[in-house]
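So you know, we letter chains A, B, ... as the sequences are listed, proteins then strands, and number each from 1.
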Protein chains: 2
Amino acid sequence: MAGRTDTKHEILNVAEQLWLHKGYNGFSYQHIAKAIGIKSAAVHYHYPAKQDLGVALVERMRRRFARWTERTEALDGFWPKFDAYIAIHQLYLDDGEGGRVCPSGILDAEFHTISEDMRHAARELTREMHRWLTDLFRAGRDAGEVSFRGDPDGIAAVAGATVQGALQIARAVGRGSFHLTIDHLKLQLRQRECADA
Amino acid sequence: MAGRTDTKHEILNVAEQLWLHKGYNGFSYQHIAKAIGIKSAAVHYHYPAKQDLGVALVERMRRRFARWTERTEALDGFWPKFDAYIAIHQLYLDDGEGGRVCPSGILDAEFHTISEDMRHAARELTREMHRWLTDLFRAGRDAGEVSFRGDPDGIAAVAGATVQGALQIARAVGRGSFHLTIDHLKLQLRQRECADA
DNA sequence: AACCTTACTTACTAGTTAGTAAGTGGGCAA
DNA sequence: TTGCCCACTTACTAACTAGTAAGTAAGGTT
């Protein structure tokens, strides 16, 4: 029966679905195997231990984000780039029944049940996203496209946390809440000539 | 051996610790039993099924939040109340090694693995917190203590999501990130007479 | 003194978990 | 054609999961 070429890739895809849907402790090798139509030992063949799979999952997310940042360099200005950042999260929201959650959200929630390897990758992913947002806000302010108080570093932390939190809360109370949150976040960041109140 | 009076209460306390630390799928009745020094069947005596325990956990959170809102009515003005809201989350952050996460965060992340009873309670908790924040922002704006664009409803969603997200992210990258985020959130909300840029 | 309830323990089930060891069949290289 | 490696399967283990049933000891009630 040897030789489906893409089993390893397929395992990663199914595992990612299950992971973002149910959490790391919410799925097993049997779930993956059944979904693909192989035996769970075959999953162990490609990823001997579950933490190997976990690390592979997070590392793929990092590579994906890195490629995404390269592609978005083509976009011009703060707002198109910021909207693109929102859009990748919206994809999670719209997926499947009930929606998935962003990888960082799941990783942080279950942080104490994952291996040190996974934690390290999770930390790096979080830092990379934060760095990207920080650079975006700095450039946006320099170009006069966005308005905020304090450091780019700090407002990037606010924006990142808001998007992550909004995505999770939307799971409980519905996706309308995500849009309400994002709209109001953007509203606060809009350039203001002279103030309200 | 009959008759420790507070076993049920003790189970709830230990379960809450484990829950916020490891997630709902990250602990078992055996973990609870071992921590207290009883047998896992004794846990089943008080909470027949795990979802009964789960619902009890969330309902207690709701009662706790309701009592908290009553107590904070005594505080005068937007900022003391808002700071009190931050403070309850800070408590989670400072707890134990690595910190816990707020209940909403865990519930949302594992939303698809919990029973409908738990989901209902989770939804209600989320709505209650959002309602409280909405009222706070409305009153704060009417009193001229806080400045934001859009609806109180929307800015409440932003603040709630930011705090929840920041708490989780702090798990991965350290608690300094929480303070940075909260400081900058507050900075945006501060009253402004005339604008920047 | 008899009995009932409460709060457990002991002992168990059936199913699932991650993980391993040994075997199997197809395809490719020498 | 022989032999080897890859990608699996079959068959298994040990530990753990939620959950149940039956027994037991203490304390209160009648």
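Side-chain proximity of A/Ala42 to C/dA18, D/dA18, D/dT9: nearest is D/dT9. Proximity note for B/His31 (side chain, C-beta onward) versus C/dG19, D/dG19, D/dT17: the nearest is D/dT17.
Checking the phosphate oxygens (OP1, OP2) of C/dC8, a side-chain nitrogen or oxygen of B/His46 falls inside 4.0 Å. Of the side-chain N and O atoms in A/His44, none sit less than 4.0 angstrom from OP1 or OP2 of D/dC8. Taking only side-chain nitrogens and oxygens, B/Gln30 comes nearer than 4.0 Å to OP1 or OP2 of D/dT17. The phosphate of C/dG19 has neither OP1 nor OP2 within less than 4.0 Å of any side-chain N or O from A/Ser40. Regarding contacts with the backbone of C/dT17, a side-chain N or O of A/Ser28 is found under 4.0 angstrom from either OP1 or OP2.
Straight-line distance from the CD1 atom of B/Ile38 to the P atom of C/dT6: 18 Å, rounded to whole Å. Whole-Å rounding puts the A/Asn25 CG to C/dT16 P distance at 18 Å. If you measure from atom CD1 of A/Ile11 to atom C1' of D/dC8, you get 10 Å, rounded to the nearest angstrom. Rounded to whole angstrom, the span from the CG atom of A/Asp52 across to the P atom of C/dA18 amounts to 13 Å. Separating the NZ atom of A/Lys50 from the P atom of C/dT17 is a distance of 9 Å, rounded to the nearest angstrom. The interatomic distance linking B/Asp6 (CG) with C/dA7 (P) rounds to 11 Å, in whole Å. As rounded to whole Å, 9 Å separates atom P of C/dA7 from atom NZ of B/Lys8. The OH atom of A/Tyr29 sits 22 Å away from the P atom of D/dA11 (whole-angstrom rounding).
Within 4.0 Å (heavy atoms only), A/Tyr45 reaches at least one base atom of the nucleic acid. Across all strands, B/Tyr47 comes closer than 4.0 Å to no nucleic acid atom at all (heavy-atom distances). Base engagement by B/Lys39 is indicated by at least one non-hydrogen atom pair under 4.0 Å involving a base atom.
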Which donor-acceptor pairs under 3.5 Å do the side chains of residues 51-63 of chain A make with protein atoms, sequence neighbours left out?
residue: A/Gln51; atom: OE1; partner: A/Ser115; partner atom: OG; Å: 3.3
residue: A/Asp52; atom: OD2; partner: A/Ala49; partner atom: N; Å: 2.9
residue: A/Glu59; atom: OE1; partner: A/Arg62; partner atom: NH1; Å: 3.2
residue: A/Arg60; atom: NH1; partner: A/Asn13; partner atom: OD1; Å: 3.0
residue: A/Arg60; atom: NH2; partner: A/Asn13; partner atom: OD1; Å: 3.1
residue: A/Arg60; atom: NH2; partner: A/Glu16; partner atom: OE1; Å: 2.8
residue: A/Arg62; atom: NE; partner: A/Glu128; partner atom: OE1; Å: 3.3
residue: A/Arg62; atom: NE; partner: A/Glu128; partner atom: OE2; Å: 3.2
residue: A/Arg62; atom: NH2; partner: A/Glu128; partner atom: OE2; Å: 2.7

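Under a 3.5 Å cut-off, the side chain of B/Arg171 and the backbone N or O of A/Ala109 do form a donor-acceptor pair.
Between A/Ser104 and A/Met129, the shortest heavy-atom contact is OG-SD, 3.9 Å.
With sequence neighbours left out, B/Ala84 forms a side-chain contact (heavy atoms from CB on, under 4.5 Å) with B/Trp68, B/Thr72, B/Leu75.
Classification of B/Arg67 and B/Glu70 as a salt-bridged pair fails, no side-chain N sitting under 4.0 Å from a carboxylate O.
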